[in-house]
Amino acid sequence: MHPAAPHPTPAAPNAHAVPASDAASAGGPVHPAAAGPAAADRPAPAPGAPARPGAAPTGVQGTSVPAQPTPSGGVRLDRRASDEGGGGDDYTLQAPDPRIAAEPHAAVCVACRAGRVDDDGYCENCGHAQPRERDHMEQECGPVAAVSDRGLRHHRNEDAFAVGTTTLPDGSPVSVAVVCDGVSSATRPDEASLAASRAANASLLDALPRGTHPQQAMHEAILAASEAVNALADEQPAEAREHAPQQNAPACTIVGAVVTAGLLVVGWVGDSRVYWIPVDRSAPPARLTEDDSWAAQMVAAGLMGEAEAYADHRAHAITGWLGADAYELEPHTAAFKPDRPGVVVVCTDGLWNYAESADEMAEAMPADAAARPLHAARVLVGHALDGGGHDNVTVALVPFPAAPRGAGSA
């Protein structure tokens, strides 16, 4: 793959063939993102265990970590869900009363298959919390597909994605994928990721048909996503802000890809990534983004080797994010002109923690991913779950070059 002119891409900071764009240099503000698979090590509630110790968990959490001395003070911590719940002892479910007719169209519990689900999302018979809409999401839009899963350790899914297709002014097809990861230590990270992904996707699908260059469109989309996340902070009542000043504003990371007939553009803030996997595997795969993280800064500054930096407990502390408390927003963008067909992998660290190098990602991805992107996305999510599923897992797959609208996976 060759960087597309006139947008040169910086040299790769590590062995993953990552075209460095305008990523932050060592010494910037840091937001500790979840420390990989070890960040959430509580067991998921066992099926049949009492699921209602109190109210349903609704809090939000995020990430951040201070790196080197800097004129700014932004710091965040990510993916540290403290209320993910623990299992309880198995117990006998109370049998439903057969004399009481079930209400027509009433939701039935997925655990006991007999109880009615109340308005709070709990079974009135066994008390089991029901799956939420965002626990597992799938979408296929033309040739683009995405899958997101809560994982096995977190109590909710704080990731979000948005995919779409449109055409450029000359009628050529273009595919878009945006993936966001909520900062778990912040308030309402699930809302932040959802707002950011929707705003960025809408911005791209509006700008590209009007002739905006894909790299400029990506830059503007990240700014639009940032504004959407910042707006969430303004929704908190003034009284709440006064009595809870320690709470971080909603925040998330963002990564996106725009694929046309001959150009691939990526953009990001944070530690979610984009990988390039050639279809014929005749050329080496590559990672196309450079993390805004403590570990990446240490490697780029020559202070640590890659293995040492990523083994450190501060490795996933993020140095860039979207949110009202972000010190300075610096969207990174890079453009490439691949010389062969391939698949673009857009994902959160919930996936790449289990396939970190480009070679590992290529090995985990099915060979027919370009023809069956939805199936391949499911396989990749399954790979992360099989590895432990310690974090939310989200991946979008975009075949390159862009296929005509309406083309889907088999």
Side-chain angles (χ1 to χ4, degrees), residues 34 37 40 44 79 110 131-165 175-182 189-190 193-194 196-198 200-201 252-259 266 268 270-277 279 285 289 342-356 360-400 403 407-410:
R79 303 160 186 77
V110 299
R132 283 170 268 193
E133 180 181 0
R134 288 178 64 177
D135 283 356
H136 185 88
M137 301 178 291
E138 298 185 355
Q139 184 178 356
E140 193 169 28
C141 183
V144 190
V147 176
S148 181
D149 193 272
R150 185 185 69 181
L152 304 179
R153 300 298 183 92
H154 281 268
H155 71 279
R156 68 173 167 207
N157 191 356
E158 296 170 358
D159 287 356
F161 67 78
V163 296
T165 60
S175 300
V176 171
V178 177
V179 168
C180 296
D181 185 353
D190 52 335
S193 62
L194 185 62
S197 60
R198 288 177 172 176
N201 186 61
C252 67
T253 67
I254 185 171
V255 65
V258 174
V259 173
V266 299
W268 74 98
D271 63 349
S272 292
R273 295 179 176 180
V274 176
Y275 292 82
W276 160 260
I277 314 294
V279 166
T289 57
V343 178
V344 181
V345 181
V346 186
C347 65
T348 62
D349 63 344
L351 172 59
W352 67 252
N353 273 325
Y354 299 97
E356 186 169 351
E360 290 172 327
M361 187 64 72
E363 184 177 353
M365 191 170 72
D368 62 352
R372 303 174 65 201
L374 181 58
H375 166 74
R378 290 169 176 162
V379 170
L380 289 175
V381 169
H383 177 76
L385 297 180
D386 289 343
H390 287 77
D391 200 355
N392 305 144
V393 188
T394 301
V395 59
L397 298 183
V398 191
F400 177 94
S409 60

A384: side-chain contact (heavy atoms from CB on, under 4.5 Å) partners, not counting sequence neighbours: L351, Y354, V393

4.5 Å side-chain heavy-atom contact, M365 and L380: yes

Locate the shortest heavy-atom distance separating L385 from G151; write the atom from each residue and the value. CD2-CA, 3.7 Å

Can you name the side-chain hydrogen bond (donor to acceptor under 3.5 Å, both in side chains) partners of D159, sequence neighbours left out? T348, T394

Tell me every residue that passes ring-ring contact (aromatic ring centres under 6.0 Å, His included) with F161, counting only those two or more places apart in sequence or in another chain. none

Would you check if R153 and D391 make a side-chain contact, meaning some heavy-atom pair closer than 4.5 Å? no

With heavy-atom distances below 4.5 Å as the criterion, would you say the side chains of V176 and N201 are in contact? yes

Taken in chain and number order and not counting sequence neighbours, the residues that satisfy salt bridge (Lys or Arg N to Asp or Glu O under 4.0 Å) with R378 are E138

State, yes or no, whether a side-chain contact exists between M361 and H383 at a heavy-atom distance under 4.5 Å. no

With sequence neighbours left out, what residues match D386 under side-chain hydrogen bond (donor to acceptor under 3.5 Å, both in side chains)? none

Side-chain donor or acceptor of R134 paired with backbone N/O of D190 under 3.5 Å: yes

What residues, two or more places apart in sequence or in another chain, satisfy side-chain contact (heavy atoms from CB on, under 4.5 Å) together with A377? V147, V395, L397

